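Notes to accompany the following structure.
The chains referred to below are lettered A, B, ... by the order of the sequence lines, with proteins before strands, and numbering in each begins at 1. None of the values given here were measured: they were computed from a predicted structure.
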2 protein chains.
Amino acid sequence: MTAEPGSEIERLIQLLARLPGLGPRSARRAALHLIKKREPLMVPLASAITDALDKVCECSVCGNVDTVDPCAICRDPKREGGLLIVVEDVADLWALERAGAHKARYHVLGGVLSALDGVGPDDLRIAALVERAADPAVSEIVIAVNATVEGQTTAHYITDALAGTNVDVSRLAHGVPVGGELDYLDEGTLTQAIRARTPF
Amino acid sequence: MTAEPGSEIERLIQLLARLPGLGPRSARRAALHLIKKREPLMVPLASAITDALDKVCECSVCGNVDTVDPCAICRDPKREGGLLIVVEDVADLWALERAGAHKARYHVLGGVLSALDGVGPDDLRIAALVERAADPAVSEIVIAVNATVEGQTTAHYITDALAGTNVDVSRLAHGVPVGGELDYLDEGTLTQAIRARTPF
């Protein structure tokens with residue numbers, strides 16, 4: 001096609017279009033924006049990607065991504081060592097860190113069990129979790145997977161897998177989101193919120 | 001902030017967030033996606049950006065971006081040499097090329113006149129257009145700017161600037177978009193569509 005002359009531009013557009021959140025149209029806009037903002041954006045982005053390629057690695061302990069292995073969270077001596085929070089994905093770990101919810105350590109599964117997508121227990125970091133749970137220093141594991149069918153299936157599988165260890169296994173509370181309006185919530189959430197009501 | 005550990009990852013996210021169509025949240029997702037798809041996506045994207053940095057330049061004749069100067073369209077001997085299509089932006093040129101609307105040559109203004117944004121005639125490639133219009137080979141100029149207030153102001157300014165030359169100046173037709181439903185169109189478009197009605 002002659003629409004984007006120059007195979008270098010076409011190739012850039014095709015690769016940008018594979019980023020989540022960008023389609024073919026927005027990839028074209030992004031590529032043009034890069035070409036126009038050559039010095040302030042395109043040059044720094046090229047070096048940022050190259051730097052990240054050089055330095056970013058997966059933490060061999062928890063599965064987080066960082067520039068050091070073990071990652072900064074696993075190395076942090078101020079973290080509560082007895083509590084592990086199990087998440088599906090690094091994005092969920094980041095979300096919990098941004099919330100500053102709890103200064104614990106994490107365990108990233110790398111996905112959820114899904115028969116449809118062919119993801120079995122061996123594709124997730126479940127064996128590594130059971131191994132970490134066997135450490136006497138670990139006393140509690142919070143399963144913080146998404147409240148989806150696959151997430152809950154995975155949570156049950158993990159609970160079973162941890163049955164032989166001495167850790168307490170808990171999960172995130174269900175209920176009304178802070179700032180949420182009852183009128184917009186689904187029945188399942190409202191039912192859980194009433195069942196798990198807390199004294200004023 | 002400790003949410004995205006490793007300054008390389010944070011920097012990558014900040015730069016990705018400056019692409020049009022990506023906000024802070026989708027930039028985080030895009031960065032994680034890159035880190036996960038290291039070989040199939042991140043490595044090729046790094047080299048695609050570096051290649052584009054090396055090779056992509058602005059066409060000194062029409063303002064298009066390409067890997068050669070003059071660009072492939074300006075070099076193409078099959079293009080109708082007498083007709084120039086004036087567009088605001090390279091994205092508009094690409095849109096017309098995708099449509100295959102007309103095998104003409106282009107002139108990219110690089111924006112529109114805007115008092116609010118402080119864009120004056122000298123910031124656009126208007127003088128270069130007048131110069132190209134003085135070439136006896138050019139017989140017609142189609143002003144294909146967007147149908148916005150700034151676009152139309154720019155069109156009037158260009159028409160005035162071209163008054164001293166011998167070219168015919170025309171503009172895109174207004175009317176009902178192909179596939180469009182009358183019920184969803186604004187009054188201005190409908191009025192123009194009736195005024196410019198064509199015999200069956």
Side-chain angles (χ1 to χ4, degrees), chain A residues 1-9 11-12 14-16 18-23 25-38 40-46 48-56 58 64-68 71-73 76 89-91 93-98 100, chain B residues 1-9 11-12 14-16 18-23 25-38 40-46 48-56 58 64-68 71-73 76 89-91 93-98 100:
Chain A
M1 112 169 165
T2 56
E4 287 93 28
S7 58
E8 279 77 11
I9 304 179
R11 179 152 175 72
L12 179 60
Q14 279 164 12
L15 288 166
L16 286 172
R18 287 170 54 195
L19 291 177
L22 289 182
R25 189 189 198 89
S26 45
R28 281 198 298 268
R29 284 181 57 214
L32 261 185
H33 189 78
L34 280 175
I35 291 169
K36 277 188 211 158
K37 306 264 176 188
R38 188 187 165 88
L41 185 55
M42 198 173 180
V43 173
L45 183 62
I49 295 179
T50 314
D51 283 358
L53 271 174
D54 280 352
K55 294 184 189 158
V56 173
E58 191 177 85
N64 188 13
V65 292
D66 202 346
T67 48
V68 284
C71 73
I73 294 176
D76 183 356
D89 212 346
V90 176
L93 186 161
W94 288 354
L96 288 166
E97 283 291 293
R98 276 199 304 280
Chain B
M1 108 171 170
T2 55
E4 286 94 29
S7 57
E8 277 79 11
I9 303 178
R11 180 152 174 70
L12 180 61
Q14 279 165 12
L15 288 166
L16 286 172
R18 287 169 54 196
L19 290 177
L22 288 182
R25 188 189 199 89
S26 45
R28 282 199 298 268
R29 284 180 58 215
L32 261 185
H33 189 78
L34 280 176
I35 292 168
K36 276 187 213 159
K37 306 264 175 186
R38 187 185 166 88
L41 186 56
M42 195 172 183
V43 173
L45 183 61
I49 295 179
T50 313
D51 283 357
L53 272 174
D54 280 351
K55 295 185 188 156
V56 174
E58 192 177 84
N64 187 14
V65 292
D66 202 344
T67 47
V68 284
C71 73
I73 294 175
D76 184 356
D89 212 347
V90 176
L93 185 161
W94 288 356
L96 288 167
E97 282 291 294
R98 275 199 304 281

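With a threshold of 4.5 angstrom between heavy atoms, A/V68 does not approach chain B through any atom at all. For A/L53, the parts lying under 4.5 angstrom from a heavy atom of chain B are both the backbone and the side chain.
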Exercise for the section: Take B/L19 and A/L41, measure what side chain to side chain contact (heavy atoms under 4.5 Å, CB included) needs, and give me the verdict at the end. Expected result: CA-CA 9 Å; B/L19 290 177; A/L41 185 55; 4.2 Å; yes
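Ranked by non-hydrogen atom pairs under 4.5 Å with chain A, the options B/L34, B/L16, B/D51, B/V56 are led by B/V56. No other option in A/G23, A/A46, A/G21, A/A27 has as many heavy-atom pairs under 4.5 Å with chain B as A/A46. Looking only at heavy-atom pairs under 4.5 Å with chain A, the residue among B/A95, B/A30, B/A31, B/S26 that has the most is B/A30. Options A/E58, A/R18, A/R29, A/Q14 differ in how many heavy-atom pairs under 4.5 Å they form with chain B, and the most are formed by A/R18.
Taking 4.5 Å as the limit, every side-chain heavy atom of B/I49 sits out of range of all side-chain heavy atoms of A/L15. Put simply, the side chain of B/L12 reaches to within 4.5 Å of the side chain of A/L45, judged on heavy atoms.
No option in B/T67, B/D66, B/T50 other than B/T67 meets the side chain to side chain contact (heavy atoms under 4.5 Å, CB included) test with A/E8.
Note: A/N64 CG to B/I9 CD1 = 7.5 Å, rounded to the nearest 0.5 Å.
Using a cut-off of 4.0 Å between Lys/Arg side-chain N and Asp/Glu carboxylate O, B/D89 and A/K36 are scored as salt-bridged.
B/A48 approaches A/R11 most closely through the heavy-atom pair CB-CG, 4.3 Å.
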